[in-house]
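Letters A, B, ... are given to chains in the order of the sequence lines, protein chains preceding strands, and every chain is numbered from 1.
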2 protein chains.
Amino acid sequence: MTTDTRERQAIRRSSNVPAYNQLAEILEQQIAALTDEERTRALPSEGDLSRQYGLSRITVRQALKTLEAKGLVYSAQGRGSFPTMPRVKGISGFHSFTSEVRRNGQEPSTRILATTEVDGLPKSVTEKLSVTEDENSPQVHLRRLRLIDGVPIAVEDAWLPKALFPDLAPADFNDGSLYALLADRWGLEPAWTDALIEPDRASPEVSKLLNIETDDPVLVAWRVTVTAEDKVFERVRSIYRPGFSLRVARYRLG
Amino acid sequence: MTTDTRERQAIRRSSNVPAYNQLAEILEQQIAALTDEERTRALPSEGDLSRQYGLSRITVRQALKTLEAKGLVYSAQGRGSFPTMPRVKGISGFHSFTSEVRRNGQEPSTRILATTEVDGLPKSVTEKLSVTEDENSPQVHLRRLRLIDGVPIAVEDAWLPKALFPDLAPADFNDGSLYALLADRWGLEPAWTDALIEPDRASPEVSKLLNIETDDPVLVAWRVTVTAEDKVFERVRSIYRPGFSLRVARYRLG
DNA sequence: GTTGACAGGTTGTTATGACATGCTAATGTC
DNA sequence: GACATTAGCATGTCATAACAACCTGTCAAC
């Protein structure tokens, strides 16, 4: 008496989530659970998936394209579609700090150092991140200390445009992931980031916060994050302590 | 007497280049020439493009999807498709050094410091870039000094797997872009990169090469580059001089 | 003047179908 | 046994079609 313990997940046609996104999510979960050995084998063919889930081939291809854009699979004509190999581990400075660190099995924490409202961006920011649009528009400025397992990792200055987040109050920053809050309340999510990364020496102020020596080598990242519709989500300057590695995974070339 | 000076480029149906790639290239050129002002206006609608170029809407959408994956445009339901704004300038450490610097209007040069063949990767590399596959396979090791306008910018150690590039000889490294050579001779192109970036102090050896002081803060990038079919193309460790900014443009989140 | 309904245009989703192109393994021939 | 051929299967490209969802400007009603 053998029963297939893998209950095949079905596509809910009545859902407002598109079928190809549902399929992409199912496949993403399955792929994430694969071992290195299993990753060398092809995924089910487009025809198989089409039959199994009752979708047209165009919808199946759309799901695979989604995963390909994320760098999770690749397709080879005549052979099939295959999972890709993960190449680096570590914490990315670009995604949500909270969830990234947690996924890594470590405990993130954040200490808010200051929250103010300002009428424009500092010159240092506009110089690094060629700002043309909302240079002089009101911003919420947020200074945070990021810690992993209690160890200070980075000093972060973030500027969020008030135009995009009406009624954003300093009190909102107190707990949890800022990204999660912004997604909940304004339905906005970061989709792309542009960054400049450079080496520097720790200033006396920063070295005290990070508990390192003045003039220790630090990594400075300037970045601007935009939504899928290319609206500026936030601008951030992060200063990372020595010994910390910034992960840039699955960066598309060409 | 008004003549339309813009000769509309046509799609060559006999070409072996897919129609959607031809259209994507045409649009990419047109977008690159736009001013910030013009970027706020929508592109021609999918229906317009379909009629103008004699393509089905599915093919037009495929072209737009290509540009969207590159971060050059975005689409908004009910409104249209729009170009995105470029946010950062500078030189990326991830693409071809030669062409990146040239596009920036500066003069790149490279001095080869050493080329050897080795039987495996150094432990420092395998530690940083969780290598599972070809750890002990033969590699060509290449040590280069990168210069911009005659100023030394970075010391680069690259390891290329011999399995992927049969007959790769040290003499091949002498001139021009390495990437161009690899594309010409083996038809292989880098598609993705995974990287770790960390701050460090310049060693005596590196400081001499970069013409800086020992213990100056430098930026160290470890990266592995793979082809579209997820085959390891090269592994590189780059050490950048102080004052140099590494650009990470259009990095996809989520 | 403000509001609301609506028309028209735009992208989003999904289906079916056809043929091209490339890879692999089985088959057949020598 | 070695090698060429081929059938079958995989993804790639492109077309037509229909409807859903969404946005904007117009115009009428209040």
Side-chain angles (χ1 to χ4, degrees), chain A residues 10-27 40-69 72-84 187-189 191 227-231, chain B residues 10-27 40-69 72-84 187-189 191 227-231:
Chain A
I11 305 293
R12 297 183 308 280
R13 303 310 289 260
S14 59
S15 166
N16 52 350
V17 178
Y20 69 90
N21 270 340
Q22 294 183 47
L23 177 56
E25 215 161 303
I26 291 170
L27 292 176
T40 60
R41 286 196 280 276
L43 298 171
S45 76
E46 294 175 358
D48 287 348
L49 291 170
S50 172
R51 279 182 292 276
Q52 287 181 23
Y53 291 96
L55 300 168
S56 76
R57 194 177 149 220
I58 227 178
T59 305
V60 171
R61 279 179 69 79
Q62 213 164 343
L64 290 172
K65 272 286 176 206
T66 303
L67 299 181
E68 198 172 0
L72 297 176
V73 306
Y74 69 91
S75 297
Q77 189 170 4
R79 294 200 292 131
S81 297
F82 301 82
T84 55
L188 292 170
E189 285 185 28
T227 66
E229 297 199 349
D230 204 42
K231 281 191 279 213
Chain B
I11 305 292
R12 298 183 309 280
R13 303 309 290 259
S14 59
S15 166
N16 53 350
V17 178
Y20 69 90
N21 270 340
Q22 294 184 46
L23 177 56
E25 215 161 306
I26 292 171
L27 293 175
T40 61
R41 285 195 282 276
L43 298 173
S45 75
E46 295 175 359
D48 287 347
L49 291 171
S50 173
R51 280 182 291 276
Q52 287 180 23
Y53 290 96
L55 299 169
S56 77
R57 193 176 151 222
I58 227 178
T59 303
V60 171
R61 279 179 69 78
Q62 212 164 347
L64 290 171
K65 270 286 175 204
T66 304
L67 299 179
E68 198 172 0
L72 297 176
V73 306
Y74 69 90
S75 296
Q77 187 170 4
R79 294 200 291 131
S81 296
F82 301 81
T84 55
L188 292 171
E189 285 184 28
T227 66
E229 298 201 348
D230 203 41
K231 282 190 279 210

For the atom pair CG (B:Leu67) and CD (B:Gln62), what is the distance rounded to the nearest 0.5 Å? 11.5 Å
Which residues satisfy the side chain to side chain donor-acceptor pair (under 3.5 Å) test with B:Ser56, sequence neighbours excluded? B:Thr59
For DNA chain C, list all stems, counting runs of three or more consecutive pairs where every pair is Watson-Crick or G-U wobble with both distances under 3.5 Å. C:1-30 with D:1-30
From C-beta outward on B:Ser75, which listed nucleotide comes closest to its side chain: C:dT11, D:dA15, C:dT16? C:dT11
For the CG atom of B:Leu23 and the CD atom of B:Gln52, what is their distance to the nearest 0.5 Å? 9.5 Å
Spacing between A:Ile58 atom CD1 and C:dA18 atom P, to the nearest angstrom: 15 Å
Strictly under 3.5 Å: I want the nitrogen or oxygen pairs between protein and nucleotides 20-25 of chain C, one per line.
residue	atom	partner	partner atom	Å
C:dT21	O2	A:Gln77	NE2	2.7

If the cut-off is 4.0 Å, is A:Ser81 near the phosphate of D:dT11, judged by side-chain N/O to OP1 or OP2? yes
Rounded off to whole Å, could you give me the CD-to-P distance for the A:Glu68 and D:dT11 pair? 12 Å
Please identify which of these residues, B:Leu55, B:Leu64, B:Thr66, meets the side chain to side chain contact (heavy atoms under 4.5 Å, CB included) condition with B:Tyr20. B:Thr66
Spatial distance of atom OG (A:Ser15) from atom CG (A:Asn21) [nearest 0.5 Å]: 9.5 Å
Let's see if you get this right: which residues in residues 14-22 of chain B place a heavy atom under 4.0 Å from DNA chain C? none
Heavy-atom side-chain contact between B:Leu43 and B:Leu27 under 4.5 Å: no
On a heavy-atom basis, which atom in B:Leu188 and which in B:Thr227 lie closest, and how many Å separate them? CD2-CG2, 4.2 Å
Atom CD of B:Glu46 to atom P of D:dC19: distance rounded to whole Å? 19 Å
Using the salt bridge (charged side-chain N to carboxylate O under 4.0 Å, His left out) criterion, which residues pair with A:Glu46? Sequence neighbours excluded. A:Arg57, A:Arg61
Please tabulate, for side-chain N and O atoms in residues 77-84 of chain B, each donor-acceptor pair with protein atoms closer than 3.5 Å (sequence neighbours left out).
residue	atom	partner	partner atom	Å
B:Arg79	NH2	A:Glu229	OE1	3.3
B:Ser81	OG	B:Ser75	OG	3.0
B:Thr84	OG1	B:Gly71	O	2.7
B:Thr84	OG1	B:Leu72	O	3.1

Between atom CD in B:Gln62 and atom P in D:dC14, what is the gap in whole Å? 7 Å
Atom pair distance, as rounded to whole Å: CZ in A:Arg51 and P in C:dA15: 15 Å
What is the distance, rounded to the nearest whole Å, between atom CD1 of A:Ile11 and atom P of C:dT14? 9 Å
Calculate the interatomic distance between A:Leu49 atom CG and C:dA15 atom P; express it in whole Å. 13 Å
If I take atom OH from residue B:Tyr74 and atom NZ from residue A:Lys231, how far apart are they, to the nearest 0.5 angstrom? 7.5 Å
Looking at every non-hydrogen atom in both residues, tell me the closest pair between B:Pro44 and B:Leu49 and how far apart they are. O-CD1, 3.8 Å
Looking for any heavy atom pair under 4.0 Å, which part of the strands does B:Ala76 touch: base, sugar-phosphate only, or nothing? sugar-phosphate
C:dT11 P sits how many Å from B:Leu64 CG, rounded? 8 Å
For A:Arg57 and C:dA15, is the shortest distance between a side-chain N/O and OP1 or OP2 below 4.0 Å? no
At under 4.0 Å, does any side-chain N or O of B:Arg61 touch on OP1 or OP2 of C:dT11? no
Looking at A:Thr59, does any N or O in its side chain come under 4.0 Å of the phosphate oxygens OP1/OP2 on C:dA15? yes
Take a 6.0 Å sphere around CD of B:Glu68 and say whether it holds more than 12 heavy atoms from other residues, nucleotides or ligands. yes
